[in-house]
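Data first, discussion second: the structure below is written as structure tokens.
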Protein chains: 2
Amino acid sequence: MENRIKIERAILDITQEELAQKIGVSRQTINSIEANRYVPSTVLALKLSELFNKPVNDFFKLTEDD
Amino acid sequence: MENRIKIERAILDITQEELAQKIGVSRQTINSIEANRYVPSTVLALKLSELFNKPVNDFFKLTEDD
DNA sequence: TAATAATGTAAAGTATATTTGTCATAATAG
DNA sequence: CTATTATGACAAATATACTTTACATTATTA
């Protein structure tokens, strides 16, 4: 799975730390997701959706290996 | 988080077992998600999105407790 | 340049998703 | 009614998300 969180975060112009606080996770969680080290839960995806004001499918996409 | 998987599955007219096979998880996983026993991963949500031909936000919604 | 903020990452621990196996019950078909 | 299929649910084992702590590196700013 690939994601555009880094880009969406740049649009909001906030740090990983700030994004983490807004959705209630640790900074490392955001960092790890941006680095594709693991796949987030759907609750986390929906919270990002609210914050970014965009549907989940806009910033999370399946890849070959999924 | 609440979901409408049972309804989407009814629209496709397939069993939990069939849905599970189509997206590559066990039947118990589908059953547990429909029963809100746990929250699926975003990869699973995206696979359902493909199958249902609808955005994730259409069948997964945040609730108070999220 | 020096100080500070932001990011990348790793390890250890906890929480939770998912699998496999199993059983009970409800619904459906013969 | 009987056999079969579909669903609900639980327990144990495994995989993985997420937290906390910690440290190194890369910007950024004074």
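Given the structure is predicted, the values throughout are model-derived calculations rather than measurements. Numbers restart at 1 for each chain; the letters A, B, ... are given by sequence-line order, proteins then strands.
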Within the 4.5 Å heavy-atom criterion, are [X] and [Y] side-chain neighbours or not?
X	Y	answer
B/Lys54	B/Ile11	yes
B/Ile30	B/Ile23	yes
A/Glu50	B/Leu62	yes
A/Thr42	A/Val56	no
B/Phe60	B/Ile5	yes

Provide, to the nearest angstrom, the distance between the [atom1] atom belonging to [X] and the [atom2] atom belonging to [N].
X	N	atom1	atom2	value
A/Glu17	D/dA27	CD	C1'	17 Å
A/Arg37	C/dA12	CZ	P	16 Å
B/Met1	C/dA17	CE	C1'	12 Å
A/Leu19	C/dA5	CG	C1'	17 Å
A/Ile33	C/dT9	CD1	C1'	15 Å
B/Glu34	C/dT18	CD	P	14 Å
A/Ile23	D/dT19	CD1	P	9 Å
B/Gln21	C/dT19	CD	P	12 Å

- Message: Please encode protein proximity along nucleotides 21-30 of chain C as a string of B, S and -, counting only heavy-atom distances under 4.0 Å.
- Response: BB--------
Please tell me if [X] has a side-chain N or O lying less than 4.0 Å from either OP1 or OP2 of [N].
X	N	value
A/Asn31	C/dG8	yes
A/Gln16	C/dA5	no
B/Ser26	C/dT19	yes

- Salt-bridge test for B/Arg9 and B/Glu34: reply yes if a basic N is under 4.0 Å from a carboxylate O, no otherwise.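 Between B/Glu34 and B/Arg9 there is a salt bridge, with a charged N closer than 4.0 Å to a carboxylate O.
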Rounded to the nearest 0.5 Å, what's the gap from [atom1] on [X] to [atom2] on [Y]? Could you check?
X	Y	atom1	atom2	result
A/Leu19	A/Glu8	CG	CD	10.5 Å
B/Asn3	B/Leu48	CG	CG	9.0 Å
A/Lys22	A/Ile14	NZ	CD1	5.5 Å

- Query: Minimum heavy-atom separation for A/Asn31 to A/Gln16, with atom names?
  - Reply: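 Nearest heavy atoms, A/Asn31 then A/Gln16: ND2-OE1, 3.1 Å.
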- Would you check, one step at a time, whether the test side-chain hydrogen bond (donor to acceptor under 3.5 Å, both in side chains) holds for A/Ser26 with A/Thr29? CA-CA 5 Å; A/Ser26 70; A/Thr29 293; 3.0 Å; yes
- Atom NZ of A/Lys47: over 12 foreign heavy atoms under 6.0 Å: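 Yes - once you tally the heavy atoms of other residues, nucleotides and ligands closer than 6.0 Å, there are more than 12.
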- Nearest nucleotide by nearest heavy atom, which residue falls closer to the 5' end of DNA chain D, B/Ala35 or B/Glu18?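 Closer to the 5' end of DNA chain D: B/Glu18.
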- Message: Heavy atoms only, 4.0 Å cut-off, all strands: where does A/Thr29 land among base, sugar-phosphate and nothing?
- Response: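 If one applies the 4.0 Å heavy-atom cut-off, A/Thr29 turns out to touch a base.
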- Near DNA chain D, under 4.0 Å by heavy atom, which residues of residues 4-13 of chain B?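 Of all residues in residues 4-13 of chain B, the ones placing a heavy atom under 4.0 Å from DNA chain D are B/Lys6, B/Arg9.
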- Of all of residues 41-65 of chain B, which get a heavy atom below 4.0 angstrom from DNA chain D, listed by number?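 Those residues whose heavy atoms fall under 4.0 Å from DNA chain D, taken from residues 41-65 of chain B, amount to none.
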